[in-house]
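Note that ligands are numbered from 1 as they come in the structure, with each ligand's atoms numbered from 1 the same way. Model, not experiment: these values are computed from the prediction. Values reported hereafter were calculated over all heavy atoms of this structure, with side chains retained and with hydrogens, waters and symmetry mates removed.
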Amino acid sequence: KERGRNAYCYYDPKLQVQNEGHRKLETQLVMALERGEFEVYYQPVVELSSRHIRSAEALLRWNSPVLGAVSPAQFIPVAEERGLIVEIGAWVLRQALTQVRTWRSAGHADIRVAVNVSPLQFQQDGFVELVERALRQHGLGGDALILELTEGSLIRDLEAANAKLVRLRELGVQIALDDFGTGYSSLAYLQQLQVDVVKIDRSFVQAMGETGPAVMEAILHLVRQLGYRTVAEGIETVAQYADLEGVGCDSGQGYLFARPVPAREFERVLAHYSRRETAPGD
Ligand code: C2E
Ligand code: MG
Ligand code: MG
Ligand code: MG
C-alpha cells in the first residue's frame with residue numbers, strides 16, 4: 001500500500017512458511033552440537049568382486065527434539081551458510097576416527113572410514129593441519145581415512161585445492177571425488193585432480209535401468225583411464241549390482257548391502273560381511 005496503487009506485491013504465504021521454517025532450523029542448528037543432538041551413522045562400501053567391506057562412509061544424522069529427524073540434505077547447506085559446518089565437521093571427523101580405531105582393534109585391520117568434507121571446511125587455512133592433528137590424537141596413520149569432496153570444493157581454485165590434496169595424500173589419506181557427474185565435470189579438469197577415487201553419482205546407477213549399462217561402462221572406462229578407482233553410489237537392486245560388476249566397477253555402496261546404521265550396528269554388518277560366503281543383500 002505504501003508503494004502506491006500500481007505497485008506489485010510479492011507476498012507469498014508459501015514462501016513465508018519456508019522462511020520461518022528455515023529460521024527455526026537455523027536457531028535449532030546453532031545449539032545442536034553442544035546439546036549432543038548429532039549422531040554419526042556408517043554405511044559400508046563393498047568391493048564388488050570380493051564382497052568385502054573396504055570402508056565405511058560416515059553420514060551425519062540430526063535428531064532435533066524440536067524438529068524431529070532432519071535430513072542432512074536440508075541442514076548441511078544451512079550449516080555451511082552459517083559457518084557452523086566447520087565445527088560440526090571437525091566433530092564428525094573425531095567421531096569417525098574414534099570408530100575406525102575401534103574397528104581396527106577388533107581385527108578389521110585394513111578398514112578405512114570416509115568422511116564428507118564441505119567446501120567451507122576444506123577452504124579453511126588450517127584444514128590439513130587439523131586432519132593431521134586429529135589422526136595423531138587418535139593414534140592413526142593417514143591410511144585409516146578417506147576424505148570425500150565434491151567438485152564445488154575444488155573448482156574455484158584448482159591449484160590451491162590440489163596443493164592441499166597433495167599434502168593430505170602424503171599423509172596416506174585417500175581422496176574421493178563425491179557425486180561425480182552432478183557438477184561441472186569438465187574432463188580436462190577431472191584429469192588434473194589429485195584424487196584416488198571417483199564416486200559415480202546414484203543418478204547414473206538408476207539410469208542403467210532405462211539405458212542399460214553401456215553409459216556406465218563408458219564412464220567407468222574413462223575414469224579408470226585417468227587412473228582413479230571407482231565406487232558406484234546408491235546400489236539398491238541385485239540387477240544393478242550384477243550390471244556394475246559386469247562392467248568392472250571396483251566398489252559400491254547402497255541399500256542392497258546396508259543402509260547407514262549407528263556405529264554399534266555397523267559392527268554387526270562388518271562381522272556379517274567378514275564371512276566370505278555371504279552374498280550382498282542377505
Ligand atoms: P553423499 O556423501 O553423496 O552420501 C550418500 C547419500 O546417499 C547418503 O544420504 C546415503 O544415506 C544415501 N544412500 C546410500 N545408499 C543409498 C541407496 O541405495 N539409495 C538411496 N536412495 N540413497 C542411498 P544422506 O545420509 O542423507 O546424506 C546426504 C548428503 O549429506 C551426503 O551425500 C553428503 O553430501 C551430506 N553429508 C552427510 N553427512 C555429512 C557430513 O558429516 N559432513 C558433510 N559436509 N556433509 C555430509
Ligand atoms: Mg559422500
Ligand atoms: Mg555421494
Ligand atoms: Mg550422491
Side-chain angles (χ1 to χ4, degrees), residues 29 32-33 37-46 48 53 55-63 69-99 112-124 127 130-131 134 145-154 174-183 185 195-209 230-241 244 249 251-263 265-266 269 280-281:
L29 193 58
L33 189 59
E37 294 169 9
F38 289 124
E39 182 174 3
V40 181
Y41 277 36
Y42 299 88
Q43 186 183 34
V45 177
V46 176
L48 297 185
I53 296 177
S55 58
E57 180 172 7
L59 292 160
L60 188 56
R61 295 291 176 261
W62 178 24
N63 199 358
V70 187
S71 142
Q74 257 185 297
F75 73 80
I76 296 280
V78 180
E80 173 98 23
E81 232 170 74
R82 289 289 310 265
L84 302 166
I85 195 66
V86 174
E87 207 186 326
I88 295 172
W91 179 83
V92 173
L93 178 66
R94 292 194 301 272
Q95 292 290 310
L97 291 180
T98 302
Q99 283 310 321
R112 294 171 178 258
V113 74
V115 175
N116 291 286
V117 177
S118 86
L120 187 68
Q121 264 180 292
F122 185 68
Q123 281 157 24
Q124 300 291 300
F127 179 71
L130 178 111
V131 171
L145 182 64
I146 300 168
L147 295 175
E148 297 196 0
L149 295 141
T150 52
E151 285 164 306
S153 287
L154 308 173
Q174 287 187 357
I175 309 296
L177 181 66
D178 207 349
D179 302 337
F180 177 71
T182 61
S185 306
V195 303
D196 302 281
V197 178
V198 172
K199 296 186 80 171
I200 317 284
D201 192 69
R202 179 162 63 90
S203 51
F204 292 97
V205 174
Q206 279 175 322
M208 282 194 309
T230 51
V231 176
E233 299 189 290
I235 304 176
E236 294 180 353
T237 67
V238 174
Q240 289 169 339
Y241 170 79
L244 285 163
C249 186
S251 302
Q253 183 177 356
Y255 296 166
L256 176 67
F257 304 113
R259 287 180 178 258
V261 291
E265 239 170 279
F266 187 78
V269 176

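For ligand 1, the atoms closer than 4.0 angstrom to any heavy atom of Glu233 are 3 (O). Shown in contact with Glu236 at under 4.0 Å from a heavy atom are these atoms of ligand 1, numbered in order with element: 17 (C), 18 (O), 19 (N), 20 (C), 21 (N). Those atoms of ligand 1 that come under 4.0 Å of a heavy atom in Gly234, given as number and element, are 16 (C), 17 (C), 18 (O). Atoms of ligand 1 found under 4.0 Å from any heavy atom of Val92, numbered from 1 in the order shown, are 41 (O). Set against the non-hydrogen atoms of Pro260, the atoms of ligand 1 under 4.0 Å away are 11 (O). Residue Gln43 approaches ligand 1 through these ligand atoms, each under 4.0 Å from one of its heavy atoms: 14 (C), 15 (N).
Between atom 43 (C) of ligand 1 and the options Leu256, Asn116, Leu59, the minimum heavy-atom separation is to Asn116. Remark: among candidates Ala73, Gly252, Pro72, Pro119, the nearest residue to atom 24 (P) of ligand 1 is Pro72, based on non-hydrogen atoms. The residue from Lys199, Gln240, Arg202 that puts a heavy atom closest to atom 21 (N) of ligand 1 is Arg202.
The shortest distance between side-chain heavy atoms of Leu244 and Met208 falls below 4.5 Å. Annotation: side chain of Ile146 is not in contact with side chain of Val197 (no heavy-atom distance under 4.5 Å).
Of all non-hydrogen atoms in Gln253 and Pro44, the two that sit nearest each other are CG-O, 3.6 Å. Cys249 approaches Thr230 most closely through the heavy-atom pair CA-OG1, 3.7 Å. The minimum heavy-atom distance linking Val117 with Ser153 is given by the pair O-OG, 4.2 Å. Looking at every heavy atom in both residues, Pro72 comes nearest to Pro77 through O-CD, 3.5 Å. The two residues Ile235 and Gly252 make their nearest non-hydrogen contact at CD1-CA, 3.6 Å.
Of all the heavy atoms of Thr150, none lies under 4.0 Å from any atom of ligand 1, so neither backbone nor side chain is involved. Contacts between Glu80 and ligand 1, counted as non-hydrogen atom pairs separated by less than 4.0 Å, are absent for every part of the residue. At a heavy-atom distance under 4.0 Å, only side-chain atoms of Asp178, from C-beta outward, approach ligand 1.
By the 30° and 60° cut-offs, the orientation of the rings of Tyr241 relative to Phe257 is perpendicular.
Ligand 1 has no N or O atom lying under 3.5 Å from any N or O atom of Ser71, backbone or side chain. Here's the thing with Gln253: none of its N/O atoms is less than 3.5 angstrom from an N/O atom of ligand 1. Considering backbone and side-chain atoms alike, Ile76 places every N or O at 3.5 Å or more from each N or O of ligand 1.
Listed by chain and residue number, the protein N/O/S atoms under 2.8 Å of the Mg ion (ligand 2) are Glu57 OE2, Asn116 OD1, Glu148 OE1, Asp178 OD2, with waters left out.
One distance of note links CG of Asn116 with OG1 of Thr150; it measures 8.5 Å at 0.5 Å rounding. Considering CD of Gln95 and CD of Glu39, their distance stands at 9.0 Å, rounded to 0.5 Å.
Taking a 4.0 Å cut-off on heavy atoms, Arg61 registers as neighbouring ligand 1. Ligand 1 has no atom lying under 4.0 Å from any heavy atom of Gly89. Residue-ligand proximity: Glu57 is placed with a non-hydrogen atom under 4.0 Å from ligand 1.
A distance-only check finds no donor-acceptor pair linking the side chain of Glu265 to the backbone of Pro262 [under 3.5 Å].
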For this session: Go through the steps to decide whether Phe204 and Phe180 satisfy the test side chain to side chain contact (heavy atoms under 4.5 Å, CB included), and finish with yes or no.
Result: CA-CA 9 Å; Phe204 292 97; Phe180 177 71; 5.6 Å; no
For this session: List the steps, then state whether side chain to side chain contact (heavy atoms under 4.5 Å, CB included) holds for Leu60 with Trp91.
Result: CA-CA 10 Å; Leu60 188 56; Trp91 179 83; 3.8 Å; yes
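The only member of Phe75, Phe38, Trp62 that meets side-chain contact (heavy atoms from CB on, under 4.5 Å) when paired with Ile88 is Phe38.
Residues passing the salt bridge (Lys or Arg N to Asp or Glu O under 4.0 Å) test with Arg82, sequence neighbours excluded: Glu26.
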